[in-house]
Amino acid sequence: LQLASGAKAILSPMCAALGGIVGQEVLKACSGKFTPINGFFFLDADETLPDALLPLDQVAPQNSRYDSQIAVFGKDIQEKLLDLNYF
């Protein structure tokens, strides 16, 4: 149930990582220079989800560019992410 609650969300970092891997493998297959991954790719990110279901006020859309992240992780975690200053 918890995994399905954020199923409509599009997480940009996950899309970027998966898109990069797929793009690299397509280039390998088309060029024939290197051998593509022979097997199954399993990306397990279940530990990034909150432990319990979040209340509706935590996952309600805020009409911002971060609505997908808020739908998955909650408003409090998104505020913590926005408050980080690395640069």
Side-chain angles (χ1 to χ4, degrees):
L1 180 64
Q2 181 178 355
L3 182 63
S5 66
K8 289 174 134 180
I10 298 171
L11 299 176
S12 297
M14 296 292 261
C15 292
L18 190 59
I21 292 168
V22 169
Q24 183 67 33
E25 295 304 308
V26 167
L27 286 175
K28 285 185 204 176
C30 291
S31 69
K33 188 171 183 181
F34 300 104
T35 305
I37 294 175
N38 185 15
F40 181 75
F41 179 74
F42 179 72
L43 179 65
D44 181 23
D46 189 40
E47 63 273 0
T48 62
L49 296 175
D51 293 331
L53 285 175
L54 297 172
L56 288 177
D57 63 334
Q58 281 289 313
V59 296
Q62 307 288 316
N63 293 327
S64 72
R65 63 188 278 191
Y66 304 111
D67 279 347
S68 289
Q69 290 178 357
I70 291 171
V72 175
F73 303 117
K75 186 170 57 172
D76 292 340
I77 297 295
Q78 183 59 39
E79 288 175 2
K80 288 180 184 178
L81 288 172
L82 290 173
D83 289 339
L84 294 174
N85 286 327
Y86 282 114
F87 301 105

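Model, not experiment: these values are computed from the prediction.
- Heavy-atom minimum distance, S64 versus I70: OG-CD1, 4.3 Å.
- Residue L56 qualifies as open at atom CG: its count of foreign heavy atoms under 6.0 Å is 12 or below.
- Among residues two or more places apart in sequence or in another chain, the side chain to side chain contact (heavy atoms under 4.5 Å, CB included) test is passed with A16 by none.
- Across every non-hydrogen atom of L11 and S68, the tightest pair is CD2-O, 4.1 Å.
- Annotation: side chain to side chain contact (heavy atoms under 4.5 Å, CB included) contacts of F40 (sequence neighbours excluded): F42.
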Item to complete: Go through the steps for Q78 and L81 under the test side chain to side chain contact (heavy atoms under 4.5 Å, CB included), then give the verdict.
Response: CA-CA 5 Å; Q78 183 59 39; L81 288 172; 4.0 Å; yes

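- For P61, the side chain to side chain contact (heavy atoms under 4.5 Å, CB included) criterion is met by D67, not counting sequence neighbours.
- A search for side chain to side chain donor-acceptor pair (under 3.5 Å) contacts involving E79 returns nothing, not counting sequence neighbours.
- A 4.5 Å side-chain heavy-atom check between L18 and F41 finds at least one atom pair inside the cut-off.
- The hydrophobic cluster containing V59 does not contain Y66, counting ILVMFWY residues as joined when their side-chain heavy atoms lie under 4.5 angstrom apart, directly or transitively.
- With contacts defined as side-chain heavy-atom distances shorter than 4.5 Å, the pair Q69/P13 qualifies.
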Sequence neighbours excluded and cut-off under 3.5 Å, please list the side-chain donor-acceptor pairs for residues 23-34, or say none.
| residue | atom | partner | partner atom | Å |
| --- | --- | --- | --- | --- |
| E25 | OE1 | I37 | N | 2.7 |
| E25 | OE2 | K28 | NZ | 3.0 |
| S31 | OG | L27 | O | 2.9 |
| S31 | OG | K33 | N | 3.3 |

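- By the side chain to side chain contact (heavy atoms under 4.5 Å, CB included) test, T48 is found to be paired with A45, F73, residues two or more places apart in sequence or in another chain being considered.
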